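Every heavy atom of this structure was used, including side-chain atoms; hydrogens, water molecules and symmetry mates were not. Chain letters run A, B, ... following the sequence lines, proteins first, then strands; residues in each count from 1. Note that the coordinates shown come from a computational prediction; the quantities given were computed from them, not determined experimentally.
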Number of protein chains: 2
Amino acid sequence: MSQQRHGSTPGEADGVPAFPDLPEATIARLPEYLRALHHLAETGAETVSSEGLAAAAGVNSAKLRKDLSHLGSYGTRGVGYDVALLVDQIEYILGLDKNRAVCLVGVGNLGHALAGYAGFASRGFRVVALFDADPKKVGEQINGLTVQHTDDLERVAAEESIAIGVIATPPGTAQAVADALVAAGVTSILNFAPGVLSVPSNVDVRKVDLAIELQILSFHEHRKASLTALPGGRSAPPANGGQEAVGS
Amino acid sequence: MSQQRHGSTPGEADGVPAFPDLPEATIARLPEYLRALHHLAETGAETVSSEGLAAAAGVNSAKLRKDLSHLGSYGTRGVGYDVALLVDQIEYILGLDKNRAVCLVGVGNLGHALAGYAGFASRGFRVVALFDADPKKVGEQINGLTVQHTDDLERVAAEESIAIGVIATPPGTAQAVADALVAAGVTSILNFAPGVLSVPSNVDVRKVDLAIELQILSFHEHRKASLTALPGGRSAPPANGGQEAVGS
DNA sequence: CGCGATTTGTGCACGCCTTCACAAGCGCCT
DNA sequence: AGGCGCTTGTGAAGGCGTGCACAAATCGCG
């Protein structure tokens, strides 16, 4: 699936890809739609209604329609959206047809798991290099790749024309690694280390902090606990229909 | 540091903790402030200005002041914020003084790493139970804990009064695990499995999808690539002061 | 060929969040 | 004691995102 250009590729009216500037919120949801669409495609569905796809992606149907309308008009009124076509569109917009090269820095507890994470490869990302500052880890084989020393990061990353760097080092070394990645020409960074990274404005950084997620949940636990003790607070309603309401 | 109640604990005017309802956006930033504050405390700082703390947390100083003002007035004009006091305040609001029990379901590639992730324990979360559906994994020792079978999840989770459940299973079993967690009384779930979870409305779910993060970065790569080819597009400005601009 | 059922695409209003700009408050120095 | 500089806390404005509600468009059927 998702192999050749269809008649008119969305943004290439004239060889120059006129890029629709999508709202950030929309961009963040496109991968979710894509996952739902792949799932639908596996079940053999040819078309989906906005209602159906919205349910599968866990969002409001109006929001979904507005999101997709930003990509252009790829639905048919009275029918719905062509699943295969929409998959191609979203993959094109997200640049997933490029099979981007990813490198991973820091092969510790978390990094080791990320190196073997199947979810990356299955969605078009190739982990092509692993780095670590610990000499004991250098040379180790993980998932068919040899761990290299971070001193070689800049050279190797430039050679392999790596687009995305993943930082899974301890907080103290994250900034130095980011600097090396930037120096090697990497313009997108996924950072698992707690703390703020300083990078040039043309570099995109996304941060994932697992402890922060737990802390946010902890807040809601705290809030819920104090609500149950409060006059107006409904104290743990056990049976409420059962479904719906997905956090954040 | 950060041991006893100070004079008037923020929300306990009358034994009943009146909970300030903070904006979601603020809640999501509090952990970041907390981390920055801990860092400052280690360097021996007594007080911080909003400007200083904002820089350390990577946000706008006005935003930080507004966020903190929601907790109450804990700054001193002309001086700044008392670091130790603010740490206590935020930890109280986030409910981190409760030392919450966490269980982890799915001890695969990612789950194994999460079980050993130091960042959890260091920030007040105790992983007290591990589960997996694979009989070969049951009984395995990880980080001092024995992996138990998911059939026992509901019973054990209820016994240990677990507040937060972490799902790191394959997508197919995530919903069943969520159902079991809910049945055991867990009201907060951190989900690493792709897909949408259906839970009662009193349960909070936060989702972390590593592939989605990469896809969002891929989009920006795609966008940047097409911008450089475009007339108005500034093509890779290499030297731009050097700092600032942290993505999302 | 026309009509009704269905579903998309979107104008509009509302609410949340961010950012600016500044008054109010606090400490220090003279 | 008084004034000055610094910093917080907040009113107001602007922007972004969401969701409703409906017009426009398409298909199928009689």
Check your understanding: Pick the nucleotide of DNA chain D nearest each of B:G75 and A:T26; which residue has the one closer to the 5' end?
Key -> B:G75

Point to revise | Given DNA chain D, 5'-ward residue of the pair B:S73 and A:A25, judged by closest heavy atom | key: B:S73

Interatomic distance where [atom1] belongs to [X] and [atom2] belongs to [N] [whole Å]:
X	N	atom1	atom2	answer
A:K63	C:dC16	NZ	C1'	13 Å
A:L68	C:dT7	CG	P	16 Å
B:H70	C:dT18	NE2	C1'	12 Å
A:Y81	C:dT6	OH	P	18 Å
A:L85	C:dT8	CG	C1'	14 Å
A:L64	C:dT7	CG	P	14 Å

Review point. Reading nucleotides 22-30 of chain C 5' to 3', which nucleotides get B (base under 4.0 Å from a protein heavy atom), which S (sugar-phosphate only), which -?
Key: --BBBS---

Check your understanding: For A:F219, which residues count as a ring-ring contact (aromatic ring centres under 6.0 Å, His included) partner, sequence neighbours excluded?
Key -> B:F19

**Study point:** OP1 or OP2 of C:dT7 under 4.0 Å from side-chain N/O of A:S49
**Key:** no

**Study point:** Phosphate OP1/OP2 of C:dC17: any B:N60 side-chain N/O under 4.0 Å
**Key:** no

Revision key, fill the gap. On a heavy-atom basis, the closest approach of B:V208 and A:E213 is CG2-CG, 3.9 Å

Check your understanding: Any Lys/Arg nitrogen of A:E32 or A:R29 sitting under 4.0 Å from an Asp/Glu carboxylate oxygen of the other?
Key -> no

Check your understanding: Salt bridge check: are B:D204 and A:K224 linked by an N-O gap of less than 4.0 Å?
Key -> yes

Check your understanding: Can you find a side-chain donor-acceptor pair between A:T47 and A:D82 that sits under 3.5 Å?
Key -> no

Review point. According to the ring pair (Phe, Tyr, Trp, His ring centres under 6.0 Å) rule, which pairs have a member within residues 23-45 of chain B, sequence neighbours left out?
Key: none

**Study point:** Between CD1 on residue A:I90 and CD1 on residue A:I27, distance to nearest 0.5 Å
**Key:** 12.5 Å

**Study point:** side chain to side chain contact (heavy atoms under 4.5 Å, CB included) against A:A101, all qualifying residues, sequence neighbours excluded
**Key:** A:R126, A:V128, A:I162

Revision key, fill the gap. DNA chain D: first to last nucleotide in contact with chain B (atom under 4.0 angstrom from a heavy atom), 5' to 3', is D:dC6 to D:dA12

Show me the side-chain donor-acceptor pairs of residues 50-65 of chain B shorter than 3.5 Å, one per line, residues at least two apart or across chains.
from: B:S50; atom 1: OG; to: B:R65; atom 2: NH1; distance (Å): 3.0
from: B:N60; atom 1: OD1; to: B:A62; atom 2: N; distance (Å): 2.7

